[in-house]
Amino acid sequence: MSAEAWSKVVFLDAPVCDGCGIPFEYDLGARCAGCQARPFAFARARAACLYDEHSRDLILQFKHADRTELAGLFAAWIGRSAADLVADADAIVPVPLHPLRLLKRRYNQAAEIARPLAKRSGLEYLPDVLVRARATSSQGGKSGSGRRRNVAGAFDVPAAAAKRVKGRRVLLIDDVMTTGATAEACARALLKAGARAVDLGVVSRVRERGDVSI
């Protein structure tokens, strides 16, 4: 990625919606209309940058082209953009892949980011408390409602792992947020297992809450 391309990455600083992290043009002192009308199961979300033509190639190289050396950089980005969430968290949990997809991809991009973030933050890293209980098709090309149906009930916290999240505030980590359907399903599973609250930190997010252009 050239220096010129790096300079075009749109990093998301305040003001943003406290609920979903969508950027505001000016401080509204409230959550966005979408979060007021239909709050997510996760309490708060922050994204380091905007998912657009300038950040897309970098994200996709990390996700699909073995560019795992970018994980530390992305962890630092989230550590900055989600500093308030990190400060409040008790533990960090990555969004899991199904074992079959993990076998094919060979690494979980969310875990690659979550691990160094936990280390630099001094927080407990819990890579195995949340599992993808069933395989799902790709979220790409689906509508918001289609994405929610696709991941409904797809995640679980095994009974043996529930004690590790019970009563704790969990920071969930993923690479990209589009409609929030995947994070929503993960948050519901963690809350059902007894988590006190779930926040979300991602590398990038689309500009609009309903945008499914990825």
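Taking CG from Leu200 and CD from Glu184, the interatomic distance works out to 10.5 Å, rounded to the nearest 0.5 Å. Atoms CZ and CD1, from Arg67 and Ile59 in turn, are 11.5 Å apart once rounded to the nearest 0.5 Å. If you take OG1 on Thr178 and CZ on Arg205, they are separated by 9.0 Å, rounding to the nearest 0.5 Å. For the atom pair CG (Leu130) and CG (Leu172), the distance works out to 7.0 Å, reported to the nearest 0.5 Å. Taken to the nearest 0.5 Å, the CD atom of Glu69 stands 8.5 Å off from the CD atom of Gln61. Distance CE/Met177 to OG/Ser204: 11.0 Å, rounded to 0.5 Å.
Distance alone, capped at 3.5 Å, places no donor-acceptor pair between the Arg120 side chain and the Gly72 backbone. Side-chain N or O atoms of Arg168 include one that pairs as donor or acceptor with a backbone N or O of Asp90 at under 3.5 Å. With hydrogens and angles ignored, the 3.5 Å screen pairs a side-chain donor or acceptor of Ser55 with a backbone N or O of Leu50.
Hydrophobic clustering of Ile, Leu, Val, Met, Phe, Trp and Tyr side chains at less than 4.5 Å, counting indirect connections, unites Leu70 with Leu60. Val16 and Val198 end up in different hydrophobic clusters when Ile, Leu, Val, Met, Phe, Trp and Tyr side chains are linked at under 4.5 Å. Placement of Leu73 and Ile173 within a single hydrophobic cluster is found when ILVMFWY residues are connected by side-chain heavy-atom separations under 4.5 Å, directly or transitively. A continuous path of ILVMFWY side-chain contacts below 4.5 Å connects Ile78 to Leu123, so both sit in one hydrophobic cluster. Residues Val202 and Phe40 share a hydrophobic cluster, clusters being chains of Ile/Leu/Val/Met/Phe/Trp/Tyr side chains in contact below 4.5 Å.
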**Request:** Give the intermediate values and the outcome of side-chain contact (heavy atoms from CB on, under 4.5 Å) for residues Asp18 and Arg46.
**Result:** CA-CA 8 Å; Asp18 191 48; Arg46 298 289 185 275; 2.5 Å; yes

**Request:** For the pair Leu171 and Val93, evaluate side-chain contact (heavy atoms from CB on, under 4.5 Å) and give the outcome as yes or no after the intermediate values.
**Result:** CA-CA 6 Å; Leu171 178 57; Val93 173; over 6 Å; no

**Message:** Evaluate Arg80 against Asp13 for side-chain contact (heavy atoms from CB on, under 4.5 Å), listing each step before the verdict.
**Reply:** CA-CA 9 Å; Arg80 175 181 175 274; Asp13 296 311; 2.9 Å; yes

**Request:** With side-chain contact (heavy atoms from CB on, under 4.5 Å) as the test, would you mind laying out the steps for Arg132 and Val95 before giving the verdict?
**Result:** CA-CA 9 Å; Arg132 195 176 287 247; Val95 170; 4.2 Å; yes

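Residues Cys49 and Trp77 have side chains in contact (heavy-atom distance under 4.5 Å, counting atoms from C-beta outward). Put simply, the side chain of Thr68 does not reach to within 4.5 Å of the side chain of Gln109, judged on heavy atoms.
Shortest non-hydrogen contact noted between Phe24 and Arg31 is CZ-C, 4.1 Å. Taking all atoms of both residues into account, the shortest heavy-atom contact from Gly21 to Leu12 is O-CD1, 4.3 Å. Scanning all heavy atoms of the two residues, the minimum distance from Ala185 to Phe155 falls at CB-CD1, 3.7 Å. The shortest non-hydrogen separation linking Arg44 to Asp199 is NH2-OD2, 2.9 Å. Between Pro96 and Asn108, the shortest heavy-atom contact is CA-ND2, 3.7 Å. Here the shortest heavy-atom pairing between Ala41 and Leu191 reads O-CD1, 3.5 Å.
None of Ile113, Leu58, Asp174, Val176 except one satisfies the side chain to side chain contact (heavy atoms under 4.5 Å, CB included) rule with Val203; the exception is Ile113.
Residues Asp156 and Lys192 are not paired through a salt bridge, judged by the lack of any N-O separation under 4.0 Å between the basic side chain and the carboxylate. Salt bridge Asp52/Arg207: absent, no basic N to carboxylate O contact under 4.0 Å.
For Ala118, the side chain to side chain contact (heavy atoms under 4.5 Å, CB included) partners two or more places apart in sequence, or in a different chain, are Ile92, Tyr125.
Tyr107 and Phe62 have tilted rings, their planes meeting at an angle from 30° to 60° on a 0 to 90° scale.
The 12-atom threshold is exceeded at CZ of Arg196, counting heavy atoms of other residues, nucleotides or ligands nearer than 6.0 Å.
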